[in-house]
Amino acid sequence: MTGVRLAVLVSGTGTLLQALVAEDLPIVVVVAARPCRGLEIAADHPGAAELVDRRAFGGFGDEFDRDAFTRRVVEVLGHHDVELVVMAGFGTVLTAPVHAAYDGRILNTHPALLPAFPGWHAVEDALAAGVTVTGCTVHLATLDMDAGPILAQQEVAVLSGDTAATLHERIKEVERQLYPRAIRLYMASLTTQRSPI
Ligand code: GRF
């Protein structure tokens, strides 16, 4: 495997992960926050599959120890000598330790045209606002959620009769094309940075 060592963080259905795998990106590890389809996809891939189970860190309520969970994720990434972290439907906001360890090296894709409609309900919020065009955004993840520098965006039309599910599926079709391309470009920029003069 050549290129920048990639980690993909998942916690859902993993269709984006599947697209990244199909594009033959140099994924050395997939980290899941809970047992999920993404983890099963990872198990069929030559890279490692690691479960950092939220339930071992207090689960999904007030008891969740977000810092301890984040530190464990960073530890796992370190074990695999990861250079670039790619979030692909990862439902947990990570805290400062991951940004300290991977500053400028965490990518995310968001199902709206940021800065419009940040947050967990981007597709529903776009529909509720009555916009005729939404889309997706690949951006650098920073401590502030959905607010990091934008790397790529693509529009998706809202169709009459769209539900959140139909619209999100069309957005994800675009993300499955755009995200691998944006990741490759970003990887190339990192490789250029580390080349000897
Ligand atoms: C994508 O729409 C992404 O923007 C959002 O989560 C979705 C992941 O889809 N953060 P999947 O779980 O890979 O199908």
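Positions are given from 1, in the same order as the sequence printed here. In listed order, ligands and their atoms are each counted from 1. Predicted model only: the values in this text are computed from it and were never measured.
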Are any of the side-chain nitrogens in Arg170 or Glu173 under 4.0 Å away from the carboxylate oxygens of its partner?
-> no

List in chain and number order the residues that pass side-chain contact (heavy atoms from CB on, under 4.5 Å) with Leu127, two or more places apart in sequence or in another chain; answer none if no residue qualifies.
-> Val158, Asp162, Ala164, Leu167

Can you list the steps and then say if Glu50 with His80 is a side-chain hydrogen bond (donor to acceptor under 3.5 Å, both in side chains)?
-> CA-CA 10 Å; Glu50 299 261 16; His80 293 277; 2.7 Å; yes

Check whether any side-chain N or O of Thr70 sits under 3.5 Å from a backbone N or O of Thr95 as a donor-acceptor pair, and report yes or no.
-> yes

Under the side-chain contact (heavy atoms from CB on, under 4.5 Å) rule, collect the residues that match up with Ala147, sequence neighbours excluded.
-> Asp144

For Ser11, all residues meeting side-chain contact (heavy atoms from CB on, under 4.5 Å), sequence neighbours excluded = Ala33, Arg34, Phe90

Ordered by chain then number, the protein residues lying under 4.0 Å from ligand 1 by heavy atom are Thr13, Gly14, Thr15, Leu16, Gly89, Thr109, His110, Pro111, His168, Lys172, Glu175

